[in-house]
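First the structure, in the form of structure tokens, and then the observations on it.
Position 1 is the first residue of the sequence, and the numbers go up from there. Numbering of ligands and ligand atoms starts at 1, following listing order. We use all heavy atoms of the structure for the numbers below, so side chains are in, but hydrogens, waters and symmetry mates are not. The shown structure was predicted, so the numbers you read here are calculated from the model rather than taken from an experiment.
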Amino acid sequence: MTGTPVGLELAGVGHRYRDTTILHGLDLTIAPGEFVTVLGPSGVGKSTLLRLLAGLERPTTGRVRATGDRDPLCRMMFQEDRLLPWRTVLQNVQLGVRGRRDRATELLEAVGLAGRERDWPLELSGGQRQRVALARALLHRPDVLLLDEPFGALDAVTRVTMQQLLERLLAEQPRTVVLVTHDVEEALILSDRVLLLTSEGITRDLRIDRPRPRSHGDPELAAHKAELLDGLLAADRALRG
Ligand code: ADP
């Protein structure tokens with residue numbers, strides 16, 4: 001069965017690409033249904049961590065496993081929409097699956113694109129294309145949604161709209177989510193937990209207990225924001241020597 005959140009566990013995970021070692025002895029437990037965001041300087045290994053969680057990469061040391069009784073179905077979403085320009089919006093959502101036309105149409109409606117099924121990706125704005133990418137990721141009813149800076153290329157208003165959309169969809173259909181972002185505010189608005197990944201490992205693991213939907217003006221979040229930004233700057237300096 002798919003569609004029920006499962007948890008993930010990393011134990012002693014390290015990863016090496018030929019002559020670059022990026023993750024060392026990483027231990028992390030992600031609870032079923034938890035929304036975890038990973039912040040960290042560029043090059044520290046955030047995307048690699050997502051690929052390890054997705055099973056697209058095998059760790060050089062340690063192990064990654066699901067804490068449920070089955071292999072989780074993972075779906076990834078990226079900063080680029082990765083839509084096929086020669087396929088319609090609906091065909092892009094259905095990509096790689098037979099049928100499920102009704103579900104695909106339903107999802108397009110849920111992401112605010114009802115009536116755009118036959119349009120081509122190039123007829124849509126960047127934000128709308130990311131909505132299609134999100135619908136495509138959700139079509140498979142994944143246990144785990146892995147998001148690699150999915151809103152990073154969008155303007156500020158579209159980005160906030162997408163965050164609200166994601167939050168609404170997850171309230172209807174809870175999933176385990178791991179988000180990588182450079183946007184500290186995005187992390188604080190959306191997450192149950194925010195991790196700071198540095199060359200030393202996970203140096204902050206912050207639980208955010210504020211009720212949802214959260215306000216950008218929340219003073220408690222502002223205090224966390226300052227702390228995380230300081231941590232990020234220090235980690236960036238350390239990584240670049
Ligand atoms: P981040 O997402 O934090 O920017 P990445 O996981 O993309 O970090 O990359 C971490 C480091 O590993 C970088 O130095 C990058 O150049 C290197 N790297 C990433 N993918 C590969 C790969 N497929 N082959 C070799 N090196 C890679």
Let me check something: any side-chain donor-acceptor pairs from residues 99-106 under 3.5 Å, sequence neighbours excluded? List them with distances.
residue, atom, partner, partner atom, Å
R100, NH1, L139, O, 3.1
T105, OG1, R101, O, 2.7

Using atom types as modelled, flag every donor-acceptor pair under 3.5 Å from a side chain in residues 194-203 to any protein atom, sequence neighbours excluded.
residue, atom, partner, partner atom, Å
T198, OG1, E200, N, 3.0
T198, OG1, G201, O, 3.3

Test item: L39 and V184 side chains (from C-beta on) under 4.5 Å apart, heavy atoms:
yes
More than 12 heavy atoms of other groups within 6.0 Å of D205 CG:
yes
Expected list for residues 222-233: side-chain donor-acceptor pairs under 3.5 angstrom, two or more places apart:
residue, atom, partner, partner atom, Å
K225, NZ, E185, OE1, 2.7
E227, OE2, R204, NE, 3.0

For ligand 1, what are the residues with a heavy-atom contact below 4.0 Å?
Y17, I22, P41, S42, G43, V44, G45, K46, S47, T48, R51
Quick one: closest heavy-atom pair of P121 and R87, and the distance?
CD-O, 3.0 Å
